[in-house]
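A short write-up of the structure that comes next.
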Amino acid sequence: MHQHELAQRMARLRELRGRRWSARTIGGDVVRFADTVKKTADQKDRKLEAWVTVVPESLRRGVRVDSGGGVLTAKAPSASVRFALDRWLRGGGTDKLRAAGIGRVRLR
């Protein structure tokens, strides 16, 4: 086998084994990102709607609610409100929220 023939075979092998790059635009990534954001927002909207529907208005007053990572976090404005929410949750409120689609609630 001659040097020239060997060099041609090596070049051909490099072509076949080389990484193939395709023309890729950002459009597909943007669409996937937008879909993810919309899905997350829809999930949060459903959880917040369930919170408003299930929790009595007297306990919701002044409470800030956030949802993330499968946990709904309720931030009470005072210890007395947090205590009242805790009593309501332990007295059956957790089951009502679970039935409405909220798995876990964290009080702060």
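The analysis underlying the following values was restricted to heavy atoms, covering all of them including side chains, and did not include hydrogens, waters or symmetry mates. Each residue takes its place number in the sequence, starting with 1.
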Under the rule for side chain to side chain donor-acceptor pair (under 3.5 Å), what residues qualify as partners of R32, not counting sequence neighbours?
D29
Interatomic spacing from NZ in K44 to CH2 in W51 - rounded to 0.5 Å
15.5 Å
Please give me the minimum heavy-atom distance between A76 and V63, naming the atom from each residue.
CA-CG2, 4.4 Å
Pair V105-T73, side chain to side chain contact (heavy atoms under 4.5 Å, CB included): steps then yes or no:
CA-CA 6 Å; V105 178; T73 304; over 6 Å; no
For K47, the option from D42, V71, V52, L72 that meets side chain to side chain contact (heavy atoms under 4.5 Å, CB included):
L72
Does the T94 side chain pair with the main chain of L89, one donor and one acceptor, at a distance under 3.5 Å?
yes
I26, CD1 atom: more than 12 neighbouring heavy atoms under 6.0 Å:
no
Quick one: salt bridge (Lys or Arg N to Asp or Glu O under 4.0 Å) pairs with a partner in residues 89-98, sequence neighbours left out?
D86-R90, D95-R98
For the CG atom of D35 and the CZ atom of F33, what is their distance to the nearest 0.5 Å?
11.0 Å
Say you draw a straight line from CZ of R104 to OG of S67; how long is it, rounded to the nearest 0.5 Å?
11.5 Å
N/O donor-acceptor pair under 3.5 Å between K75 side chain and R108 backbone
no
Indicate yes or no: does R46 engage E49 in a salt bridge with an N to O separation below 4.0 Å.
no
Value rounded to 0.5 Å, distance of NE2 in H4 from CD in Q8
3.5 Å
Quick one: do F83 and L107 satisfy side chain to side chain contact (heavy atoms under 4.5 Å, CB included)? Show the steps, please.
CA-CA 9 Å; F83 178 79; L107 295 178; over 6 Å; no
Shortest non-hydrogen contact from A50 to A100?
CB-O, 3.6 Å
Do R60 and E57 make a side-chain contact, defined as non-hydrogen atoms from C-beta onward lying under 4.5 Å apart?
yes
